Amino acid sequence: MEIPIEMVSDEKGYLDRECPHEECEFIFKIHIEDWKNKVSDEKVYCPRCGHIAPSDQWWTQQQLTDMKEIAMQWALSQIQKTIQKSFKEMSRNSNKYVEISYKPGKKVTFQNNPIGQQEEWELEIHCDLCGTRTSVIGTAYFCPCCGHNAVDRVFNVSMDRVKNQINSLNEMQELLEKVYDKDTATIMIQNLIETSLKDIISAYQKFAMESFNKGCLKKVRPNDFQIVDKGSRLFNEYYGTGYEEWLTSDEINFMIVMFQRRHIMEHNNGIVDDRYLHNSNDKTYRVGQRVVCKKEQVLRLLEIIKKLSENISLVVIIV
Ligand SMILES: [Zn+2]
Ligand SMILES: [Zn+2]
């Protein structure tokens with residue numbers, strides 16, 4: 001038994017989909033034409049987590065509910081048809097001992113209402129490789145059709161997100177003070193600044209690794225770009241140019257200090273030790289102090305990393 005169900009796109013032509021991976025359940029939109037013509041039956045990629053599943057597993061909860069409703073209506077109308085038919089026959093065959101009269105009741109009619117979509121979203125992404133159009137709220141990493149991960153775009157989106165976060169700290173502090181108290185709000189904001197620093201550096205490491213691999217077969221890992229000198233050396237060796245040609249020595253030294261601070265925040269709860277002082281050449285702290293992370297520093301690092309990444313993108317394309 002097959003009930004035909006018609007899908008209708010939103011105003012921009014998109015269809016809602018949901019990742020079947022139980023940890024993810026990311027809801028995204030894909031252009032209905034691309035879904036029909038480009039996406040394969042066997043392999044669809046989740047834009048957020050990269051999970052791969054056949055194309056019939058991407059219904060959203062809302063679509064499943066709507067479909068159940070349609071199937072139920074259809075089944076009811078079928079049952080009613082059968083009952084009406086047999087009662088009609090019985091009343092026709094009634095004899096002098098039994099009289100069955102039949103009056104049809106209110107009819108349940110089956111109406112296959114097409115399934116609509118959530119209203120359209122702002123961010124539309126076109127895949128560089130296959131041209132598939134996706135629309136998401138939040139961050140997406142993979143093309144649902146070919147699984148391509150657009151390194152530059154993902155990195156820029158992450159940088160913009162951190163910048164917006166840092167720039168809205170004052171409003172956030174005010175809001176948090178209303179919900180909690182001044183102490184709690186201040187601690188949360190401080191955590192957020194430290195998290196932003198970690199986010200910038202880990203996004204950069206991933207970006208640098210993937211960009212590096214675009215024009216070079218040498219196997220590198222994100223951690224190879226955790227040490228500023230080492231990252232620069234890799235580009236010098238394999239691309240013939242490095243950080244010192246793209247950044248001033250002030251900028252490089254600042255980057256070294258911030259990368260090292262992130263490192264001790266991650267591994268030593270932010271407490272300064274000899275190794276930190278040696279690796280960072282930071283003269284502002286002594287052993288045993290806790291480093292402080294300021295939003296101005298995070299913003300400065302962000303600008304430096306952006307400048308660096310733009311140069312990396314250029315050099316890996318030219319090669
Ligand atoms: Zn997913
Ligand atoms: Zn693609």
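Computed from a predicted structure; not experimentally measured. In what follows, every heavy atom counts, from backbone to side chain, and hydrogens, waters and symmetry copies are set aside.
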Check your understanding: Between Leu197 and Met265, is a side chain to side chain contact (heavy atoms under 4.5 Å, CB included) present by the stated rule, with each step listed?
Key -> CA-CA 10 Å; Leu197 176 69; Met265 278 177 201; 4.2 Å; yes
**Study point:** Intermediate values then yes/no, side-chain hydrogen bond (donor to acceptor under 3.5 Å, both in side chains), Asp224 and Gln205
**Key:** CA-CA 8 Å; Asp224 291 329; Gln205 286 178 207; over 6 Å; no
Review point. Do Asp250 and Thr248 have a side chain donor and acceptor closer than 3.5 Å?
Key: no
Review point. How close do Ala185 and Leu176 get, heavy atom to heavy atom, and via which atoms?
Key: CB-CB, 3.7 Å
Check your understanding: With side chains defined as the heavy atoms from C-beta onward, is the minimum distance between Pro144 and Cys46 less than 4.5 Å?
Key -> no
Review point. How long is the gap from NZ on Lys68 to CD1 on Ile70, to the nearest 0.5 Å?
Key: 13.0 Å
Check your understanding: Would a hydrophobic clustering, with Ile, Leu, Val, Met, Phe, Trp and Tyr connected at side-chain separations under 4.5 Å, put Leu299 with Leu308?
Key -> yes
**Study point:** Arg275 and Asn268, any side-chain heavy atoms less than 4.5 Å apart
**Key:** no
Check your understanding: With side chains defined as the heavy atoms from C-beta onward, is the minimum distance between Asp282 and Arg261 less than 4.5 Å?
Key -> yes
Review point. How close do Ile304 and Met255 get, heavy atom to heavy atom, and via which atoms?
Key: CG2-SD, 4.3 Å
Point to revise | Inter-residue atom distance Ile30.CD1 - Ser135.OG, 0.5 Å rounding | key: 11.0 Å
**Study point:** Inter-residue atom distance Ser280.OG - Phe254.CZ, 0.5 Å rounding
**Key:** 12.5 Å
Review point. For the side chain of Thr184 and the backbone of Tyr180, is there at least one donor-acceptor N/O pair under 3.5 Å apart?
Key: no
Check your understanding: Taking NZ, NE, NH1 and NH2 as the nitrogens, is one of them in Glu266 or Arg262 under 4.0 Å from a carboxylate oxygen of the other?
Key -> yes
Check your understanding: Going through the checks in order, is the side-chain hydrogen bond (donor to acceptor under 3.5 Å, both in side chains) test met by Ser232 and Asp229?
Key -> CA-CA 5 Å; Ser232 183; Asp229 291 343; over 6 Å; no
Check your understanding: For the hydrophobic clusters of this structure (ILVMFWY residues joined by side-chain heavy atoms under 4.5 Å, transitively), does one cluster hold both Met7 and Val39?
Key -> yes
Exercise for review: Let me see the working for Glu244 and Ser249 under side-chain hydrogen bond (donor to acceptor under 3.5 Å, both in side chains), right down to the final yes or no.
Suggested key: CA-CA 7 Å; Glu244 60 287 338; Ser249 54; over 6 Å; no
Check your understanding: Could you give the distance from CG (Asp10) to CG (Asp16), rounded to the nearest 0.5 Å?
Key -> 7.0 Å
**Study point:** Within one Ile-Leu-Val-Met-Phe-Trp-Tyr cluster: Met209 and Met159, side-chain cutoff 4.5 Å
**Key:** yes
Review point. Any side-chain heavy atom of Ile52 sitting closer than 4.5 Å to one from Val44?
Key: no
Check your understanding: When you check the side-chain N and O atoms of Thr186 and Asp183, is any donor under 3.5 Å from an acceptor?
Key -> no
Review point. Does a sphere of radius 6.0 Å around NZ in Lys214 hold more than 12 heavy atoms from other residues, nucleotides or ligands, not counting ones at 6.0 Å or beyond?
Key: yes
Point to revise | Leu192 side chain reached by Leu169 side chain, heavy atoms, under 4.5 Å | key: yes
Check your understanding: Side chain of Asn223, backbone of Gln226: donor and acceptor closer than 3.5 Å?
Key -> no
Check your understanding: According to the ring-ring contact (aromatic ring centres under 6.0 Å, His included) rule, which pairs have a member within residues 126-146, sequence neighbours left out?
Key -> none
**Study point:** Non-hydrogen atoms of Cys216 and Tyr238 that approach each other most closely
**Key:** SG-CD2, 3.6 Å
Check your understanding: Relative to the ring of Phe26, is the ring of Phe28 parallel (under 30°), tilted (30 to 60°) or perpendicular (over 60°)?
Key -> parallel
Practice item. Give the C-alpha distance, both sets of side-chain angles, the deciding distance and a yes or no for salt bridge (charged side-chain N to carboxylate O under 4.0 Å, His left out) between Lys178 and Glu171. Key: CA-CA 11 Å; Lys178 275 181 201 151; Glu171 287 91 335; over 6 Å; no
**Study point:** Within-4.5 Å side-chain heavy-atom neighbours: Lys206 and Phe225
**Key:** no
Review point. Which value, rounded to the nearest 0.5 Å, describes the distance between Gln297 atom CD and Ser196 atom OG?
Key: 12.5 Å
**Study point:** Test log, rule side-chain hydrogen bond (donor to acceptor under 3.5 Å, both in side chains), inputs Gln62 and Asp66
**Key:** CA-CA 6 Å; Gln62 187 58 49; Asp66 291 353; 3.0 Å; yes
Review point. So does Lys163 pair up with Asp160, basic N to acidic O under 4.0 Å?
Key: no
**Study point:** Shared hydrophobic cluster for Ile227 and Ile264 (ILVMFWY, side-chain gaps under 4.5 Å)
**Key:** no
Point to revise | Intermediate values then yes/no, side chain to side chain contact (heavy atoms under 4.5 Å, CB included), Asn253 and Val257 | key: CA-CA 6 Å; Asn253 290 336; Val257 170; 5.7 Å; no
**Study point:** Nearest non-hydrogen partners of Ser55 and Ser40, listed with the distance
**Key:** CB-O, 3.7 Å
Review point. Quick one: does Leu301's side chain get under 4.5 Å of Ile201's, heavy atoms only?
Key: yes
Point to revise | Ion pair Asp128/Arg153, N-O distance below 4.0 Å | key: no
**Study point:** Test side chain to side chain contact (heavy atoms under 4.5 Å, CB included) applied to Ser309 and Phe155, step by step
**Key:** CA-CA 9 Å; Ser309 68; Phe155 175 71; 3.3 Å; yes
Exercise for review: Measure the CD-NZ distance between Glu303 and Lys307 for me, rounded to the nearest 0.5 Å.
Suggested key: 10.5 Å
Practice item. Verify, without hydrogens or angle tests, whether Gln190 (side chain) and Cys293 (backbone) share a donor-acceptor contact under 3.5 angstrom. Key: yes
Check your understanding: When Tyr14 is tested against each of His31, Glu33, Glu124, Lys29 for side-chain hydrogen bond (donor to acceptor under 3.5 Å, both in side chains), which residue passes?
Key -> Glu124
**Study point:** Test item: side-chain donor near acceptor, Arg17 and Gln63, under 3.5 Å
**Key:** yes
Point to revise | Parallel, tilted or perpendicular, as decided by the 30° and 60° cut-offs, for the rings of His51 and Trp58 | key: tilted
**Study point:** ILVMFWY cluster, Val287 and Val292 together (side-chain gap under 4.5 Å)
**Key:** yes
Revision key, fill the gap. Between Asn213 and Val220, the two heavy atoms sitting closest are OD1-CG2, 3.6 Å
**Study point:** Residue pair Leu123 / Val157, side-chain heavy-atom distance below 4.5 Å
**Key:** no
Revision key, fill the gap. Smallest heavy-atom separation, Tyr285 atom then Leu277 atom, equals O-CD2, 3.5 Å
Practice item. In sequence, state the C-alpha distance, the side-chain angles, and the governing distance for Ile312 and Phe235, and then conclude on side chain to side chain contact (heavy atoms under 4.5 Å, CB included). Key: CA-CA 9 Å; Ile312 289 178; Phe235 276 100; 3.7 Å; yes
Exercise for review: Please confirm whether the backbone N or O of Phe212 pairs with a side-chain atom of Tyr239, one donor and one acceptor, at under 3.5 Å?
Suggested key: yes
Practice item. For the pair Tyr204 and Tyr243, name the ring-plane relationship: parallel under 30°, tilted 30 to 60°, perpendicular over 60°. Key: perpendicular
Review point. Going by an N to O cut-off under 4.0 Å, is there a salt bridge joining Glu23 and Arg48?
Key: no
